[in-house]
Amino acid sequence: MLCRGVSAILRMLAVFALASAAGCATTILPDNHSSNTDRTQQQNAINSAAAALDSTPWRKPDQSSLADRLGGVDPDTDGFTRADAVASYLTSLKAEKDQQQAILFDAQKNIDAANELVRLAYEACDGPGPQIADVATIEAAISSMRETRAIYLATLKEIDADVSALDAVESSFDSTATRLGVAADLLAGLAIRQSENITENNFQKSNFMRAF
């Protein structure tokens with residue numbers, strides 16, 4: 001009799017626990033929906049900043065755009081090359097009275113976009129759910145940034161720009177790319193840790209349900 005009584009009590013406790021869990025689930029649904037919305041907004045913001053960083057006043061060399069890098073496409077040297085991009089950019093600068101200043105102005109736009117991407121990356125680290133997809137976008141943006149830097153420097157050399165202008169562009173791009181890389185690494189670590197935690201929680205829930 002005692003054993004049957006204990007078993008009945010345990011069953012009642014299990015039912016109560018499941019009912020409580022169900023009640024909690026209905027309570028936290030709005031929070032989950034809010035988190036998903038926040039993640040979508042976060043991803044959209046990162047994508048927009050990466051696109052701004054990828055934007056240049058010249059046509060991108062074939063297969064060096066952000067979209068191609070995200071798709072894992074290798075550079076194609078038989079098409080529109082970096083040298084072609086420099087020549088195209090120089091042509092667009094012919095009407096400028098101060099070509100060096102025009103180049104520095106354009107370069108600053110990319111630096112500003114990169115700084116915004118750094119900010120968003122750290123914001124994502126504190127957000128509702130760090131995503132590996134965001135890390136991939138940032139890494140592709142860094143590669144695109146290196147290509148953009150190379151074309152700015154090559155164009156400055158073509159117009160015999162001041163050494164100080166060359167140094168300013170080189171150091172600004174390098175330091176910002178380094179900061180962006182650090183933020184991407186931090187975001188990647190958090191995204192992996194979150195994925196591992198979700199897997200572990202799902203495993204524990206599965207074992208709990210099998211026990212009944």
Could you check if a side-chain atom of [X] sits within less than 4.5 angstrom of a side-chain atom of [Y], using non-hydrogen atoms only?
X	Y	value
Leu90	Val86	yes
Leu93	Thr155	yes
Glu123	Leu120	yes
Met145	Asn110	no
Thr148	Tyr152	yes
Gln108	Leu104	no
Glu139	Asp185	yes
Leu156	Asp162	no

Is a side-chain N or O of Ser172 found less than 3.5 angstrom from the main chain of Val169, in a donor-acceptor match?
->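 Judged by distance alone, no pair lies under 3.5 Å.
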Say whether, by atom type as modelled, one donor and one acceptor occur between the side chain of Asp98 and the main chain of Gln101 under 3.5 angstrom.
->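 Side chain of Asp98 to backbone of Gln101, a donor-acceptor pair under 3.5 Å: yes, one is there.
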Can you name the nearest heavy-atom pair linking [X] to [Y], along with the distance?
X	Y	result
Ala49	Glu116	CB-CG, 4.2 Å
Ile138	Ala184	CG2-CB, 3.8 Å
Leu166	Ala161	CD1-O, 4.4 Å
Ala177	Ile142	O-CD1, 4.4 Å
Gln99	Lys94	NE2-CA, 3.8 Å
Ala188	Ile132	O-CD1, 4.3 Å

For the [atom1] atom of [X] and the [atom2] atom of [Y], what is their distance to the nearest 0.5 Å?
X	Y	atom1	atom2	value
Arg39	Gln131	CZ	CD	6.0 Å
Cys125	Leu187	SG	CG	4.5 Å
Gln43	Ser48	CD	OG	10.5 Å
Asp160	Glu158	CG	CD	8.5 Å
Phe105	Glu96	CZ	CD	10.0 Å
Asn47	Thr137	CG	OG1	5.0 Å

Evaluate the side chain to side chain contact (heavy atoms under 4.5 Å, CB included) criterion for residues Ile46 and Gln42: first the C-alpha distance (whole Å), next the side-chain angles of each, then the deciding distance (0.1 Å), finally the verdict.
-> CA-CA 6 Å; Ile46 287 175; Gln42 168 189 298; 4.2 Å; yes
With Arg146 as the cation and Phe173 as the aromatic partner, state whether NZ or CZ is under 6.0 Å from the six-membered ring centre and within 45° of the axis.
->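 No cation-pi geometry.
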Mind running ring-ring contact (aromatic ring centres under 6.0 Å, His included) on Trp58 and Phe80 for me, showing each step along the way?
-> CA-CA 11 Å; Trp58 59 82; Phe80 192 78; over 10 Å; no
Side chain to side chain contact (heavy atoms under 4.5 Å, CB included) between Leu180 and Asn115, intermediate numbers included = CA-CA 8 Å; Leu180 197 50; Asn115 284 326; over 6 Å; no
Sole residue of Asp106, Asp84, Thr56 in side-chain hydrogen bond (donor to acceptor under 3.5 Å, both in side chains) with Tyr89 =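 Only one option passes, and that is Asp106.
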Hydrophobic cluster membership, Leu117 vs Val182, 4.5 Å side-chain cutoff |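 Same cluster: Leu117 reaches Val182 through Ile, Leu, Val, Met, Phe, Trp or Tyr contacts under 4.5 Å.
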Between Arg149 and Asp174, is the closest basic N to carboxylate O distance under 4.0 Å?
->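 A salt bridge links Asp174 with Arg149.
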Ignoring hydrogens and angles, state whether a donor on the side chain of Asp54 or Ser144 is under 3.5 Å from an acceptor on the partner side chain.
->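 Yes, side-chain donor-acceptor contact under 3.5 Å.
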